[in-house]
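Working notes for the structure below.
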Amino acid sequence: MQALRTWSENLLSPLINPAQFDFWTQQLGSTRAWSRCFARVISVMSESQDTKTLTLKANRNWPEFIAGQHCNITAAIAGRNITRSYSISSDPIDGRRIQITVRRESGGLMSEYLCNDIGVGDRLELSNPFGNMLLPTPMPAHLLLMAAGSGITPMMSQIRTMARKGMPTSVTLLYWEKTHADFNFAQELQLIAQKYQHFTLQMITTRGQSERPLSGRVSHELLSKVANINAVDQVFVCGSSGFVQAASSMCEFRKLPLISEAFTPSQAQVSNTEIAHHDVYLRRSNLHLSLSNQKPLLEQLENAGISVPSGCRQGICNTCTCVRNLGTTTDEFSGGVDNEPSQIIKLCVSRAATNIELDL
Amino acid sequence: MNYSKNRAMSTEELAQFGAELEAIKQEQIADVGEVDARYIHRIVAAVRYTEVIGRGFLFLSFFPPFWLLGVFILALSKILENMELGHNVMHGQYDFMNEPSLKGSTYEWDIAGTSDNWRESHNYKHHTYTNIKGMDDDVGYGMLRLFPEQRWAPMALFQTFYATVLALLFQWGIAIQELQLGKIVKGRKSWAELREELKPVMRKINRQLLKDYVIFPLLAGPMFLSVLAGNFVANILRNLWTFMIIFCGHFTADAEVFNKSVLDDELPGHWYLRQLRGSSNLKGGKLFHILSGNLSHQIEHHLFPTVPARRYATMSVKVQKVCEKFGQNYNNDYLYKQFGQVVWRIIRHSFPSSPKSLGT
């Protein structure tokens, strides 16, 4: 099959190039594509007061994913392709039908678009799924899941998968949100908890007085109150970096095996005036460099012995363009600051304003 | 050479001149976004639809007027793809979109030459060292003597003939330009080097030939010869049009050529001034500008190669004001006049000439 596909691709490629193929499928109202993975929004539901669950139907280029993984989602917003990572919250058994749950962050370009503007029938692009927060095989006897806020989304995929299989192991889920109105999947989780004796659900609020017995941030005291901690033989932690740090240190203290994942911390404030060095990570070369914010990146990369194709060195010839995966850079001429992930930049006229990651 | 049309500027004036042009650029760049994205998507659609319609008419060319119509529409499609889409996309004008199919560093256009060679010879050499003799290979394309500053050789006597051949086969001229065959003759490049460089070029050429002269004619069945001939003529029409537009951009009567020495201690203002003096514009309507890839605004394109070309018309009003303020000639006229001057150059400088005898 693969050979046939390769053979037919070779034969067809002079006739039709991938961009042309993708153009015509789009004109015909299909999400099919030569190699890119597009998906159509097939439903938008409110999940809690600030979150929406989008159900997407991906095209045939979507590979299988494993519960707990996430993928990069790209949307064209105001003429620009914007990319963010979202965990997949649905069960992999649904094949090309996948769900993501998005919390609206005020001022968040992508989250506001996905929560307010997107509609059924709109098109998104998906990357291959990735991420290492996967259920171990063989399954541990007692699993402790600790989620805060959107950290619930990858775990929801795992819980749904386990529920489908009849909950093969003991699971305790500790799930933190600010208030009761913020809990996602509340009804579904409660149903699962009713159905399976060995699935223990604890929904904990961090703000305000609640009628429920549990509130407050993660602590040793809370942990010993809610979970049969001595029986636990594997912990998963997912949430903001502050939460993950706190929860991880508690688990480490108790010497519990731990798999954790934190959301990318928000960007540091940019200071143009202070002389500073930032960590520049070259992803493909897997190399860390410490570069100054006072000189363009290209010059410093070359001084560090990294060969980068370049030309005019003044921002006109477009030879040294590269994708800045993460971080903030400033423009040499306009002084403009940009921190859009996966943005194409010109190295010869860009300076690092924070730690950055380049696709080099 | 007619230097008298330009007032000499002091160092301060030159810096101010550059700063004012830079300000025009930054003002536009700050505004780049959704409108530009929508525009280039519309251009892509126009290219795709005209190609299908043009090829469709050629398939139905048993009715002779359809052949003419097919040739005309296919030529239009190729012109639009090469000029307004390919050329401008490869300058990175639409990199802000982060759209893989419109990414400057990877776009491949529908022409015999490879995009990689073009990015080197055009984006880098031609745009950085515009009209500098010995550095910008576009000055006469390594075979024509267009300026009295170029050395005369008896071969030049025949250049009116081979300039015509170049115009008809312009895409092949571009395809082999970067190979710098002249260096082989002069012994500055080995055959082995050439063989290595030829590999990607031959791949691209094969692909182009296969598409226009084998696959599409075969698909047309009994219309094989008619489609083959139609594709051939459409390619020639595209060649003539692009030759005309491109030669009018830098080889009109008032366009200047420079010696390498201009690069000594060149200031940013100097670079802008050299772009202005080495380029010339074409007057015309909106459709004319689009079909020329907005290279009818050659001056603006050279001053601002990374700004989306649809903005050049607006920018030209401001550029003209700056030129007026600093007493610089803004070389702008109708196609027949500008091309007339190009033809005159080709004929005049096929005979010995010297800068002095022509200067004022």
Side-chain angles (χ1 to χ4, degrees), chain A residues 10-27 33-36 72 74-83 125 127 309-325 331-336 338 340-349 359, chain B residues 22 25-26 29-30 32-41 44-45 47-49 51-52 90-105 107-108 110 119-120 122-129 206-212 214-216 219 268 271 275 302-306:
Chain A
N10 282 344
L11 191 78
L12 283 173
S13 64
L15 197 60
I16 202 157
N17 71 35
Q20 282 174 342
F21 183 87
D22 296 358
F23 173 84
W24 287 113
T25 53
Q26 199 186 351
Q27 291 290 301
W34 197 256
S35 60
R36 293 166 73 177
N72 286 342
T74 303
I77 304 174
R80 223 171 146 184
N81 280 353
I82 305 294
T83 302
E125 185 167 0
S127 75
S310 71
C312 69
R313 314 184 79 82
Q314 51 191 9
I316 57 161
C317 81
N318 222 43
T319 309
C320 65
T321 51
C322 117
V323 175
R324 179 196 61 219
N325 297 323
D331 183 274
E332 191 80 356
F333 290 119
S334 68
D338 189 72
E340 194 51 52
S342 310
Q343 175 68 46
I344 302 169
I345 60 164
K346 299 186 194 78
L347 294 171
C348 66
V349 292
D359 191 34
Chain B
E22 183 65 32
K25 174 174 151 188
Q26 293 306 335
I29 283 182
V32 163
E34 195 159 17
V35 204
D36 305 87
R38 208 180 308 133
Y39 175 80
I40 202 67
H41 278 310
V44 170
V47 167
R48 303 271 181 262
Y49 275 97
E51 184 182 356
V52 164
M90 284 191 285
H91 270 292
Q93 291 178 3
Y94 298 93
D95 275 2
F96 76 91
M97 292 169 67
N98 288 319
E99 165 57 37
S101 64
L102 296 171
K103 191 175 166 190
S105 56
Y107 188 89
E108 192 62 56
D110 181 14
R119 278 183 274 264
E120 166 76 15
H122 177 85
N123 285 9
Y124 170 48
K125 287 186 194 162
H126 170 60
H127 271 273
T128 312
Y129 304 117
N206 283 340
R207 187 192 152 99
Q208 290 298 107
L209 290 177
L210 201 62
K211 182 171 83 164
D212 275 345
V214 179
I215 292 177
F216 278 116
L219 284 175
W271 181 81
Q275 302 307 319
H302 265 266
L303 295 171
F304 320 112
T306 56

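What's counted below: heavy atoms across the whole structure, side chains too, no hydrogens, waters or symmetry copies. Note on naming: letters A, B, ... go to the chains in the order of the sequence lines (proteins, then strands), and numbering restarts at 1 for each one.
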Item to check | Worked verdict on A:Asn17 versus B:Arg207 for side-chain contact (heavy atoms from CB on, under 4.5 Å) | outcome: CA-CA 11 Å; A:Asn17 71 35; B:Arg207 187 192 152 99; 3.6 Å; yes
Item to check | chain A contact via B:Tyr49 - which portion, at a heavy-atom distance below 4.5 Å | outcome: both
Checklist entry - At a heavy-atom separation under 4.5 Å, does A:Ser342 approach chain B through its side chain, its backbone, both, or neither? => result backbone
Checklist entry - Using non-hydrogen atoms only, which part of B:Glu22 is less than 4.5 Å away from chain A: side chain, backbone, both, or neither? => result side chain
Next on the checklist: Nearest 0.5 angstrom please: B:Tyr129 OH to A:Cys317 SG, how far?
Outcome noted: 9.0 Å
Checklist outcome for this item: Most heavy-atom pairs under 4.5 Å with chain A, out of B:Arg119, B:His91, B:His127, belong to B:His91
Next on the checklist: As an exercise, state the distance from OG1 of A:Thr319 to CD of B:Glu120, rounded to the nearest 0.5 Å.
Outcome noted: 7.0 Å
Item to check | Atom pair OH/CZ of B:Tyr94 and A:Arg80 - distance to nearest 0.5 Å | outcome: 15.5 Å
Next on the checklist: Under a 4.5 Å cutoff for heavy-atom pairs, which residue among B:Asp212, B:Thr128, B:Val44 has the most contacts with chain A?
Outcome noted: B:Thr128
Item to check | B:His41 side, atom NE2; A:Gln26 side, atom CD - distance, nearest 0.5 Å | outcome: 7.5 Å
Checklist entry - Given that the side chain runs from C-beta out, which part of B:Ala30 has a heavy atom under 4.5 Å from chain A: side chain, backbone, both or neither? => result neither
Item to check | Structural part of B:Val52 lying under 4.5 Å from a heavy atom of chain A | outcome: side chain
Item to check | Set of salt bridge (charged side-chain N to carboxylate O under 4.0 Å, His left out) partners for A:Asp331, sequence neighbours left out | outcome: none
Which atom pairs, one a donor and one an acceptor, fall under 3.5 Å between side chains of residues 95-103 of chain B and the rest of the protein, sequence neighbours left out?
from: B:Asp95; atom 1: OD1; to: B:Gly104; atom 2: N; distance (Å): 2.8
from: B:Asp95; atom 1: OD2; to: A:Asn318; atom 2: ND2; distance (Å): 3.4
from: B:Asn98; atom 1: OD1; to: A:Ile344; atom 2: N; distance (Å): 3.1
from: B:Asn98; atom 1: ND2; to: A:Asn81; atom 2: O; distance (Å): 3.4
from: B:Asn98; atom 1: ND2; to: A:Gln343; atom 2: OE1; distance (Å): 2.9
from: B:Glu99; atom 1: OE1; to: A:Arg36; atom 2: NH2; distance (Å): 3.3
from: B:Glu99; atom 1: OE1; to: A:Asn81; atom 2: ND2; distance (Å): 3.1
from: B:Glu99; atom 1: OE2; to: A:Arg36; atom 2: NH1; distance (Å): 2.8
from: B:Glu99; atom 1: OE2; to: A:Arg36; atom 2: NH2; distance (Å): 3.2
from: B:Glu99; atom 1: OE2; to: B:Ser101; atom 2: N; distance (Å): 3.4
from: B:Glu99; atom 1: OE2; to: B:Ser101; atom 2: OG; distance (Å): 2.7

Item to check | Segment of B:Arg38 engaging chain A (4.5 angstrom heavy-atom cut-off) | outcome: neither
